[in-house]
Amino acid sequence: MSISTGSICSHHSCSDSYLSSSSGMSSQPTPRAPKSITFVNTAEQAQQKFQVEHWRRELTNKINVYNGELNKFLDLFVPSGAPCPLSPPDERIAADFVPLKGKEVHHYDPLIAIFNRIVAGFPKAKRLSFCNTHSNEFPFPFSAFTGHHHKSKPDISVTFPGEKPPPKTEPTNWSPFCMVMEAKSTAQEDAFDTRAGILRTDAIVQLAISARNLMLAHGFLAAYTIGIYGDRIRIARFDHACAVVSKAFSIKTKEGLRFLQDFFWRFVHPTQGAVLGCDETVSKMTPDHCDWLRAALSDEATELLRGVDLREGRVVEVWSDDLEETEPARYILFKLIDVNARLFSRATMVWLSVEYDPEKIPHAPELRIVKEAWRQTVRTPESSFYERINKNVPLGRRTGLPNLVGGGDLGAREVALWNAAQNPPTRVLRPRQNTVAPRLHPHPMHQTFTWRLTGGDKERVRERSHMRFVVDTVGRPLSRFKSTKELVTAMRDAIIGHQSAMLRAGVLHRDVSSGNILIVDRPRRISPCTGVLHDFDYSSMTPNAPAPSQDPSNLDPPELSPLELAQKSADDEHKERTGTYYFMAIDLLDPMLNTALHTFLHDLESFFWVLLWIVLRHTTHNHPHGNAACETYFPFGDDSQAAAIKRGYLGGCSLQIANNEPLTMLLEKFGDMVARATVIEKPLIGQTRTPLTYASVLEIFNQVLAREDWPENDASIPYVPDKTRTTTLFPKDGQPQSVPARSLTKRPRDDEVGLQSGYSELTSDILDSRVAEVAEGSTKRRRTQGGSARQRSALGTSAASSRPVASGSTRTRSGSSKLAKSSGSKSKGSRSSRKGSGV
C-alpha cells in the first residue's frame, strides 16, 4: 500500500468566508473510513512496528504536496506580520556540504552548522538553536501514557526561540523543542517524491509522529517539520485535518538558502505566540501556578497529585460561544485523564482541572473536567448536545449524565470574529485585542484551513474545529473499579443517562465505549449517581427536542426513531463512521449490512461489549485463554471478522467469574438478550429477532444489583497484554494465515503494507473455526426453510465443536450448562436460540 498524496498542481482560491455550518441528522448510515488503532489491546500493539503500520493507514490520503511557488507556500501556510529584513545568506555556507549515500548520521552536524549560520543575524530572543538528537529517545509527551506508545528519535530538534539547548545530562523530553527535522542521505530518498507513484512511508511516519508529539506536548494548533533528502529540503505543516508539504528546494543554492531563512524568520515571528502554530489561549505551568494549585487543593493535594508531573500541565482560557463575552474563565489542567493520540482525528484530551483565579486561593475548589477536541466541521459541536440535555433533562433526573459548566467551539467563535472583521458591521465583534488579528493573520487558527487552500472550497467538509468545554462530573475509568458491584452500578447509571438523553432531549450518543463511561468519585448532591456517560462529540439529535411527557423510565423510543426521519445532509458522505471499534454493534460492523442506521439499539448492544471487555481484562474468570481472552473476542481492523467473532461468542461461550454469581448472571442474561437481538441474520419462517429495549436491559441490571451475594473488595485487576499471542493477517484471497508476533518486527516491504495487520487472537485455529462456523451456519440456514425449533437449534452443530467453552463448564449441544445451572443465572436451553441463528 502506498500513501496517495493527492498532489496539488495549482492553488485553488477559497471563499473569503471560513464559517462552516454544521449538518443536521441524516437518514443515511455513516460511511466507513480507515482509521489507525486507538486502544492498545495486545503487547504487540505497543511495539514500534505495529504502530508504524497503523500510522501508514492514518496518513492515507491526508498528505498534500503543494506544487505552487515556494513564496506562495510561505504566504499561505507560514503567515507572518514581520517580513524578514536580513540579507540573504551567502551560498558559500553550504558549499562544503556533500551528501553521501548511507552516511546520513555524518550529515547532522554539518547541517546544524549551516542552519546556525542562517539564523545568526536573528535577534537573540528570536534565535533558534539546533540539536543533534538522533541518539536521544523521546518518550510520548505524557508519562501516564508512555506504555502505549513507542519512543522516537528525531534526527535534529529545534529549541524555542531564545532558548539554549538543554544539557545532555538531562532526560530527553519534548518541552524544550518546537520543531524537528528528519534527514536522509540522498535526494532519491525524498519521501514526498511521487514521480514513481509510491511514497517511502516510514520517513513520513517519522515526521508525522514528531508533529503529533509537538502538538500534544505544547497544545499547538499546528506543527512544522522539515524533511532533508541529501541537499533537498521540504517543509511540512501538520494540523489535525491533514498535512501540506512544500516543493523541494536545495540548500546549495542562493534561492534555497533565502527561502529557508525566510521560513525560520516567519516561524519565530508569528502574529500570536512564541512560534507559528501556538495556541494563544494556552500557557505553560509556572512555579507560581504549581504553588497556587497545591495551596488550593490543600489536604487533597497529596492524593490528587500522586504520580502527576505538573510540568505536563497547562493553564487554558475557556471561552463560551457568546461573542459578547469579554473575559474568559481560566483553568489549571493538572492531570491528563485520557488522550486520543491519533494525529488526523478529534485528538480528544480529557483533563482534571480547577478554575484558576490568581487573586485568591479558594478553599476546596470544585474539581472539573476540561475536554478539548477537534470536531469535523460537518458535525454538530459537542457543546450543543450538552446544551440540549441541560435544557430538556431536569437536574433532578440527570442520573448518568454530566452537566455542562462552560466553554464552547473556539473554532466557530474565531471564524465568526474573523469574518466580522473582514466585513465590519456597525458594531465590531472583537471582545479583546488579541482574540483575532485578521488583517495580519490571513486565516483562523482554531479551525483548520489546509484542505480548502490546497483543494478549494469543496474540501471544507474535511476541516476540523477546535472545541474546549468544562463539565462538572469527575470520575475514574471503568477499568479502575473498586468492586464489581460498583462497576455494574456505574454501567446501569450510564444506561439510564443514555435513556434520558434519548427520550427527553432527542440526543443519541453513538459512541458507547469503556472510555466514555466514568465511575463518579464525588457524587453531586442533586441526582447523585455512581456512573456517567460522557463524550457526546459523535452524537446526533433530532431537529427538535421531544415534547415533555411523563417519566420515560418505562418507555422506549418508537419503532421509527425521529432521528431516522431527519433530512439527508449533503455532507454525510464525508463523516467518519462513529463508534469505538471494539464496542461497535454487530450490525454496524458487518460489511453485508452497511446500510444499517445507527440507532439506540446499537448503543444498547455496545454496553454489553463494554461489560465483556472490562470483565475479560480486569476480573478473575474461567476462560481457557486467560488474559488473552480479550484479544480473542476483540480483534481490530477487519469488520467481517470482528462481527463473526462477536457472533461466535454469543453463540456458545459461557463465562463464569470467580466467586461472583451476580456478575456471571448479568453476563449470561445480557448476552442472551443481545444474541436474540442480533445473531439471526436472515430469519427463518417464524423466527424473529427480539430487539433490545431500555426497560428490558435495565431490568436485568436492577435484578442483579438487588442480590445480596456480591463479593466485597474485588477491585479491578491490572491488565497485562499477552506477549506470546499471534497475529492473523488476511491477504486479498481472504484466507487467514497465522504468523508469530515477533515476525512482524521485520520491516515490511512496500507491497506488504497493504496486509491487514492487527487482528488479535490466541491461535489461528480459533479464528479459522469461527469463520468456518459462521459460514457453515449461514449455508445451513439458506438450505433450511422451516422445521421445528429443535431442528433449527441444531444448525451449526458441527462447526460449533471448536467453539471455545469456559473451563469447568460442561455445556451440552442443547445449549444447557452445569455452569449456568450452578450460578442460577441461566434457564435451561436459553442458548439454543443462538444456535438457531447458525452461529
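Just so it is clear, the model here is predicted, and its values are computed rather than measured. By convention here, the first residue in the shown sequence is residue 1.
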Test of understanding: with salt bridge (charged side-chain N to carboxylate O under 4.0 Å, His left out), list the residues that count as partners of R522, not counting sequence neighbours. E300

Donor-acceptor pair, side chain of H618 and main chain of I717, under 3.5 angstrom: yes

Is there side-chain contact between T473 and L518, with heavy atoms separated by less than 4.5 Å? no

Flag the pair R647 and D590 as a salt bridge only when some basic side-chain nitrogen lies within less than 4.0 angstrom of an acidic carboxylate oxygen. yes

Hey, is E382 close enough to R375 for a salt bridge, meaning N to O under 4.0 Å? no

I want to check something: taking the side chain as every heavy atom from C-beta on, are S500 and T399 in contact at a cut-off of under 4.5 Å? no

What is the distance from atom CG of N340 to atom CG of L216, rounded to the nearest 0.5 Å? 9.0 Å

Nearest heavy-atom neighbours spanning K62 and A241: CD-O, 3.7 Å

Of all residues at least two apart in sequence or in a different chain, which pass the side-chain contact (heavy atoms from CB on, under 4.5 Å) check with E312? F142, S143, D309

Whether T448 side chain and R464 backbone form a donor-acceptor pair below 3.5 Å: yes

Taking S465 for its side chain and T377 for its backbone only, find out whether a donor-acceptor pair lies under 3.5 Å. no

Using the rule given for side chain to side chain contact (heavy atoms under 4.5 Å, CB included), can you reason through D472 versus R368, listing the C-alpha separation, both sets of side-chain angles and the distance that settles it, and then say yes or no? CA-CA 5 Å; D472 68 340; R368 299 298 190 210; 3.3 Å; yes

Considering residues at least two apart in sequence or located in another chain, which fulfil the side-chain contact (heavy atoms from CB on, under 4.5 Å) criterion with A490? L478, I519, T530

If I take atom OG from residue S540 and atom CZ from residue F385, how far apart are they, to the nearest 0.5 angstrom? 6.5 Å

Flag the pair W351 / V316 as yes when at least one side-chain heavy-atom distance between them is below 4.5 Å, and no otherwise. no

Short question: side chain of D603, backbone of R510 - any donor-acceptor pair under 3.5 Å? yes

What residues form a salt bridge (charged side-chain N to carboxylate O under 4.0 Å, His left out) with D537, not counting sequence neighbours? R346, K371

Would you say the side-chain atoms of T484 and N660 include a donor-acceptor pair closer than 3.5 Å? yes

Hey, mind stepping through L401 and F536 against side chain to side chain contact (heavy atoms under 4.5 Å, CB included) and telling me if it holds? CA-CA 10 Å; L401 293 171; F536 280 79; 3.8 Å; yes

Take V615 and L667, measure what side chain to side chain contact (heavy atoms under 4.5 Å, CB included) needs, and give me the verdict at the end. CA-CA 9 Å; V615 168; L667 278 171; 3.8 Å; yes

Any side-chain heavy-atom pair of D714 and T620 under 4.5 Å: no

Within the side chain of R398, is there an N or O that forms a donor-acceptor pair under 3.5 Å with the backbone of G497? no

If you compare all heavy atoms of L343 against all heavy atoms of D239, which two are closest, and at what distance to 0.1 Å? CD1-O, 4.0 Å

Hey, does the side chain of T599 reach the backbone of L601 with a donor-acceptor pair shorter than 3.5 angstrom? yes

So, using side-chain contact (heavy atoms from CB on, under 4.5 Å) as the criterion, who are the partners of D338 when residues are at least two apart? F145, V350

So, does R388 use its side chain to make a donor-acceptor pair with the main chain of A505 at under 3.5 Å? yes

Between atom CZ of R492 and atom SG of C529, what is the distance when rounded to the nearest 0.5 Å? 10.0 Å

Is there a donor-acceptor pair under 3.5 Å between the side chain of E605 and the backbone N or O of I586? yes

Would you say that H509 contacts L533 through its side chain, given a criterion of any heavy-atom pair below 4.5 Å between the two side chains? yes

Exactly one of Y581, Y719, Y582 clears ring-ring contact (aromatic ring centres under 6.0 Å, His included) with W613, and that residue is Y582

Tell me, do F608 and M673 make a side-chain contact under 4.5 Å, heavy atoms counted? no

Please determine if E486 and R476 form a salt bridge, counting it only when a charged side-chain N lies under 4.0 Å from a carboxylate O. yes

For the aromatic rings, using the six-membered ring if either is Trp, is the centroid distance between F607 and F670 under 6.0 Å? no

Do L588 and D639 come close enough that some side-chain heavy atom pair is under 4.5 Å? no

Does H623 have its ring centroid less than 6.0 Å away from the ring centroid of Y633? yes

For L692 and F600 the tightest heavy-atom approach is O-CE1, 4.2 Å

Spacing of NZ belonging to K151 relative to NE2 belonging to H149, to within rounding of 0.5 Å: 14.0 Å

Identify the heavy atoms of A494 and I517 that sit nearest to each other, and give their distance. CB-CG2, 3.8 Å

Whether E668 side chain and S654 backbone form a donor-acceptor pair below 3.5 Å: no

So does F583 get a backbone contact from the side chain of S606, meaning a donor-acceptor N/O pair under 3.5 Å? yes

What residues form a side-chain contact (heavy atoms from CB on, under 4.5 Å) with K335, not counting sequence neighbours? V308, L352

Taking all non-hydrogen atoms of both residues into account, name the closest pair between I645 and P635 and its distance. CD1-CG, 3.7 Å

Between I495 and L604, does a side chain to side chain contact (heavy atoms under 4.5 Å, CB included) hold up when you go through it step by step? CA-CA 8 Å; I495 295 171; L604 284 177; 4.2 Å; yes

Do you know the tightest heavy-atom contact between D535 and Y386? N-OH, 3.3 Å

From I369 atom CD1 to I337 atom CD1, the distance as rounded to the nearest 0.5 Å: 3.5 Å

Separation of M349 CE from M215 CE (nearest 0.5 Å): 11.0 Å

Can you tell if the side chain of F481 reaches within under 4.5 Å of the side chain of V488, non-hydrogen atoms only? no

Before giving the answer on side chain to side chain donor-acceptor pair (under 3.5 Å), spell out for D511 and T580 the whole-Å C-alpha distance, their side-chain angles and the decisive distance to 0.1 Å. CA-CA 6 Å; D511 189 16; T580 302; 2.8 Å; yes

Cation-pi between R212 and F238: NZ/CZ under 6.0 Å from ring centre and within 45° of the ring axis? no

